[in-house]
Visitor: 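Take this structure, written in structure tokens, and hold onto it; I'll ask about it next.
Just so it is clear, the model here is predicted, and its values are computed rather than measured. So that the names make sense, note that chain A is the first sequence line, chain B the second, and so on, each numbered from 1.
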Amino acid sequence: MDPPSPARPIERLPEYVERVLETVAEIPAGRVVTYGQLARLLGSGGARTVGTVLARYGSDVPWWRVVRAGGHPPSGLQLPAREQYLREGTPLLGTGLGEYRIDMSRARWDPNDAG
DNA sequence: CATTTGACTGCGT
DNA sequence: AACGCAGCCAAAT
């Protein structure tokens with residue numbers, strides 16, 4: 001086959017990373033899951049692991065649909081995330097531009113539940 | 001191979 | 001409500 005790639009053509013992502021990205025891509029618009037919830041769905045890793053994966057590889061998936069346990073959007077991305085929530089009609093609580101929270105009781109998505 | 005690094009979490013103060 | 005903190009675990013260094 002081809003000789004060992006010299007520079008860095010197409011780096012293959014670690015299997016765990018691909019599984020995280022695939023699952024995030026399935027979260028319906030207007031719904032969210034928490035980092036810890038996602039880790040449990042995958043059956044491995046933890047909340048921080050998922051967060052680290054999204055930080056590094058999440059730019060091409062709906063990363064704003066993965067939020068913190070308390071309903072807070074990802075650290076440092078509250079503004080860009082908020083635009084998406086408004087656009088998708090995700091139920092929010094609170095008023096501040098950077099102090100709002102997702103209404104988890106309404107927005108939480110559970111793939112094992114009704115879709 | 002050993003250590004450090006996080007878009008986190010739950011509990012205590 | 002706001003901190004601090006130990007536990008977490010795959011990836012990156």
Visitor: Taking any heavy-atom pair under 4.0 Å as a contact, classify A/Gly76: base, sugar-phosphate, or nothing.
Guide: nothing
Visitor: Nearest-Å distance, CG (A/Leu93) to P (C/dA1)?
Guide: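 One finds 12 Å between P of C/dA1 and CG of A/Leu93, rounded.
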Visitor: Just wondering, do A/Leu38 and A/Val66 contact through their side chains at under 4.5 Å, heavy atoms?
Guide: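 Side-chain contact under 4.5 Å: yes.
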Visitor: How would nucleotides 3-9 of chain C be written as a contact map, 5' to 3', with B for base contact, S for sugar-phosphate-only contact and - for no contact, using protein heavy atoms under 4.0 Å?
Guide: ----BBB
Visitor: Run the numbers on A/Arg65 and A/Glu88 for salt bridge (Lys or Arg N to Asp or Glu O under 4.0 Å), then give the verdict.
Guide: CA-CA 10 Å; A/Arg65 295 177 193 158; A/Glu88 300 186 345; 2.5 Å; yes
Visitor: Can you measure from CG (A/Leu21) to OH (A/Tyr16) and round to the nearest 0.5 angstrom?
Guide: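 Taking CG in A/Leu21 and OH in A/Tyr16, the distance rounds to 10.5 Å.
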Visitor: Could you tell me if the side chain of A/Gln37 sits less than 4.5 Å from the side chain of A/Arg108, heavy atoms only?
Guide: yes
Visitor: What residues form a salt bridge (Lys or Arg N to Asp or Glu O under 4.0 Å) with A/Asp110, not counting sequence neighbours?
Guide: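 For A/Asp110, no residue satisfies salt bridge (Lys or Arg N to Asp or Glu O under 4.0 Å) once neighbours in sequence are set aside.
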Visitor: Can you confirm whether A/Arg19 is buried at CZ, in the sense that more than 12 heavy atoms of other residues, nucleotides or ligands lie under 6.0 Å from that atom?
Guide: yes
Visitor: For A/Tyr57 and C/dA10, what is the distance between atoms OH and P respectively, to the nearest whole Å?
Guide: 15 Å
Visitor: Contact class for A/Tyr16 (heavy atom, under 4.0 Å): base, sugar-phosphate, or nothing?
Guide: sugar-phosphate
Visitor: Take the protein atom CG of A/Leu54 and the nucleotide atom P of C/dA11, then report the distance between them rounded to whole Å.
Guide: 13 Å
Visitor: Measure across A/Gly58 and A/Trp63 and return the closest heavy-atom pair with its distance rounded to 0.1 Å.
Guide: O-CD1, 3.5 Å
Visitor: Quick one: A/Arg40 CZ to C/dA10 P, roughly how many Å, whole number?
Guide: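 It is 15 Å, rounded to the nearest whole Å.
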Visitor: In whole angstrom, give the distance that lies between atom CG of A/Leu21 and atom P of C/dA10.
Guide: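 About 16 Å, once rounded to whole Å.
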Visitor: Taking any atom closer than 4.0 angstrom to a non-hydrogen atom of chain A, what span of DNA chain B does the protein reach, first nucleotide to last?
Guide: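 Listing 5' to 3', DNA chain B meets chain A from B/dG6 to B/dG10.
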Visitor: Counting heavy atoms not belonging to A/Arg87, are there more than 12 under 6.0 Å from its CZ?
Guide: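 Enclosed.
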